[in-house]
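Each chain gets a letter, A, B and so on, in the order the sequences are listed, and its residues count up from 1. Reckoned from all heavy atoms, side chains included, excluding hydrogens, waters and symmetry mates.
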Amino acid sequence: MRAVSKRLLRRRFSHLAVASRTEPKSSSLSLNSSLASSLIEEFARCCYQRELRAAMRAMDAIERTGVRADSITYSELIKCCLARGAVEEGRIVHRHVFSNGYQPKTFLINVLINMYVKFGFLEEAQKLFDIMPERNVVSWTTIIAAYSNAKLNERALEFLVLMLRDGVMPNMFTYSSVLRACDGLWNLRQLHCSIFKAGLESDVFVRSALIDVYSKLGELRNALGVFNEMVTRDSVVWNSIIGGFAQNGDGYEALNLFKNMKRAAFHADQSTLTSILRACTGLALLELGRQVHVHVLKFDQDLILNNALLDMYCKCGSFEDANIVFTKMVEKDVISWSTMIAGLAQNGFSQEALKLFENMKVSGSKPNNITILGVLFACSHAGLVEEGWHYFQSMKQLYGIVPEREHYGCIIDLLGRAGKLDEAVRLIHEMECEPDVITWRTLLGACRVHKNVDLAIYAAKQIQKLDPEDAGTYILLSNIYANSHRWDDVAEVRRSMRLRGVRKETGCSWIEVDMQIHAFVVGDNSHPQMEEINKHLSQLIQRLKEAGYVPDTNFVLQDLEGEQREDSLRYHSEKLAIVFGMMRLPKEKIIRVRKNIRICGDCHVFAKLIAKMEERIVVIRDPVRYHHFQNGACSCGDYW
DNA sequence: TTAGGGTTAG
């Protein structure tokens, strides 16, 4: 126990001595002021040391002497209850506050409301708020913040309107709370205007809330505008803007802002590092991620940060590192398990993912909808039809998780890949939720693998009904026609694309070498070493051909002939990136390539052969999964 | 007495 000096107690609780002299006394009891003073001193000591039970006893004793504790005394006791998480004692104080028909001051009711809010009893907070004779800005702000935090956005905004009608002016506390309740740009702009009119736009809390909400709505230019206008920034504001860019998939800008943050002499804390890890994850920057890991060690008990680290290693294709972090983690939650399960599944270790799911259940952690998605993904990508069905059908019964569109999507993928296209279509029609573009595109992908042209056309038409601008559909359809040598239909698809202004996403691959990112796009010769890369690639292809490699021209979209067809395959961006990696990275280093569209069959064969012939490990991450190439094989088992 | 930032899928 801490030793407390009397001087400190007097300074902190000087008001109590005053209270013992000024508060109304019971008429039937004469006050023994010396007894009250000593009890008050005992009460103050207990509150200061958070000895709740002793403080409650002291409060009882004080009131038995006929002294009613004042508002500040009660509020100290409520702080004590909050610090101890003592709900029942909080309720007892509540009863004391209102005993003998006493009408407490607005200040004290606010404290009680705040106590119920912090304990999570919103209804009780609301009841107290309703019976208040007078409500000040703190009363309104406390209740608005409570609804904002509970994600009851409409209610929070409704109370702001009621507050204004009541003639109470919101302050910076109110605005920073209510901003989080904005789920649309219209509300946000209105509030931003009100903040400006009230002259509160310079408050750092309000600014960080504005940055955060603009970011969450994807309005990064507005978020950056608010940030740039700030004269004085603190670390939370920096974290808000960095997090905003990281969460919206602009890792480059997040990293750039992080550099500026360091230049402005701010240190990275857990929140900063989490966002930076997310940026590394999005850009597949494993080496930078490893450097961030060194800083994460300072916060090795931080669960959120460790989870971000797990995700970074999984998504950057280094499952070994993820496993080391996961094993060392003292605390694991459903996100840690789900990240690892999905990470294993995406990296092609389906059986291991399912084993980990069993371990998770043994550990007592309860799976959520995302965990099950990872499990179904593992089954789907390994062609485990029976296991997938089992998990899908039991998820509601065992874990109370209602299948959502994404879960159906995994099963449609599972059935489709296994060639059970009719069953996949039947399931789409039986879904409890409406199929969306992704559902139909999943079926379309399966049609392409199994060359079912008629069903592909049906699926594509469903997609085009929902989204006539979807470029992916045109590409897949064009692919199917090309593989069936239906060049007239290919031309028709391309004509429709031109008419609608739909453009195919250009394939791009990235590779990190010496902490620099190198990007490769078909037909773009701007890379300074492109001549050397092309030369190296031609030599490699020649050697591969001598070893039996035949370019698979079925993946060529255009209706080209002979060598022209081969050429368009030769310069696929992932091939350029792999060759560049071979040129620049030592043999023991893994060649890690990130791609914006899915890997084609020819590049897949190429990577397998290169891995064998050059004795290298190649990892390619496409938007859906990872391919680990080693010894002439891929972790996906050629099923993707 | 009231307020701000970070993690899993899609």
**Item:** dA3(B) OP1/OP2 closer than 4.0 Å to side-chain N/O of Arg207(A)
**Value:** no
**Asked** Where the side chain of Asn114(A) is concerned, which of dG6(B), dG4(B), dT2(B) is the nearest nucleotide?
**Response** dT2(B)
**Request:** May I ask you to say what Val178(A) touches in the nucleic acid, namely base, sugar-phosphate or nothing, with a heavy-atom cut-off under 4.0 Å?
**Result:** nothing
**Message:** Taking any heavy-atom pair under 4.0 Å as a contact, classify Thr339(A): base, sugar-phosphate, or nothing.
**Reply:** sugar-phosphate
**Request:** Just call it for Lys332(A): base, sugar-phosphate, or nothing, with non-hydrogen atoms closer than 4.0 Å on any strand.
**Result:** nothing
**Message:** Need one value for Asn369(A): base, sugar-phosphate or nothing, where a base atom within 4.0 Å counts as base even if backbone is also close, heavy atoms only.
**Reply:** nothing
**Message:** Taking atom types as they are modelled, would you say the side chain of Ser177(A) forms a donor-acceptor pair with the base of dA3(B) within the 3.5 Å cutoff?
**Reply:** no
**Heavy-atom donor-acceptor pair, Ser176(A) side-chain to dG4(B) base, under 3.5 Å** = no
**Item:** Exercise: do Asn359(A) and Lys355(A) side chains pair donor with acceptor under 3.5 Å
**Value:** no
**Prompt:** Between Phe266(A) and Arg233(A), is there a cation-pi geometry (under 6.0 Å to ring centre, at most 45° from the normal)?
**Reply:** no
**Prompt:** Among dG6(B), dG4(B), dA9(B), which nucleotide sits nearest the side chain of Leu373(A)?
**Reply:** dA9(B)
**Item:** Ser380(A) and Asp413(A) side chains, donor-acceptor separation under 3.5 Å
**Value:** yes
**Message:** Check the phosphate of dG6(B) against Lys216(A), side-chain N and O only, distance under 4.0 Å to OP1 or OP2. Yes or no?
**Reply:** yes
**Prompt:** Can a side chain N or O of Gln247(A) be found less than 4.0 Å away from OP1 or OP2 on dT7(B)?
**Reply:** yes
**From dG10(B), dT1(B), dA9(B), nucleotide with atom closest to Ile370(A) side chain** = dA9(B)
**Request:** Look at the side chain of Asp203(A) and the base of dG4(B), then say whether one donor and one acceptor between them are separated by less than 3.5 Å.
**Result:** no
**Message:** Categorize Ile438(A) for me: base, sugar-phosphate, or nothing, with a 4.0 angstrom heavy-atom threshold over every strand shown.
**Reply:** sugar-phosphate
**Asked** Side-chain donor or acceptor of Asp269(A) under 3.5 Å from a matching atom on the base of dG6(B)?
**Response** no
**Asked** For Leu310(A) and dA9(B), what is the distance between atoms CG and C1' respectively, to the nearest whole Å?
**Response** 16 Å
**Prompt:** Are Met115(A) and Lys118(A) close enough, and set up right, to give a side-chain contact (heavy atoms from CB on, under 4.5 Å), and what steps lead you there?
**Reply:** CA-CA 5 Å; Met115(A) 178 190 79; Lys118(A) 294 283 180 329; 5.9 Å; no
**Message:** Students often get this wrong, so: under 4.0 angstrom with heavy atoms, is Val206(A) touching a base, only sugar-phosphate, or nothing?
**Reply:** nothing
**Message:** Check the phosphate of dT1(B) against Lys118(A), side-chain N and O only, distance under 4.0 Å to OP1 or OP2. Yes or no?
**Reply:** no
**Item:** Arg180(A) to Tyr147(A) six-membered ring, cation-pi geometry met (6.0 Å, 45°)
**Value:** no
**Message:** Looking only at the side chain of Phe377(A) (C-beta and beyond, no hydrogens), which of the listed nucleotides dG6(B), dT2(B), dG10(B) gets closest?
**Reply:** dG10(B)
**Prompt:** Is it true that Arg594(A) and Asp622(A) make a salt bridge, defined as a side-chain N closer than 4.0 Å to a carboxylate O?
**Reply:** no
**Prompt:** Hey, does Arg278(A) reach any base, or is it just sugar-phosphate, or nothing, if we go heavy atoms under 4.0 Å?
**Reply:** sugar-phosphate
**Item:** Residue Ala342(A), side-chain atoms from C-beta onward, closest of dG4(B), dG6(B), dA9(B)
**Value:** dA9(B)
**Request:** Determine, answering yes or no, if Phe173(A) is stacked on dT2(B) under the 5.5 Å centre rule and the 30° plane rule.
**Result:** yes
**Request:** May I ask you to say what Glu404(A) touches in the nucleic acid, namely base, sugar-phosphate or nothing, with a heavy-atom cut-off under 4.0 Å?
**Result:** nothing
**Prompt:** Looking across every strand, which nucleic acid part, if any, lies under 4.0 Å from Ser75(A) by heavy atom: base, sugar-phosphate, or nothing?
**Reply:** nothing
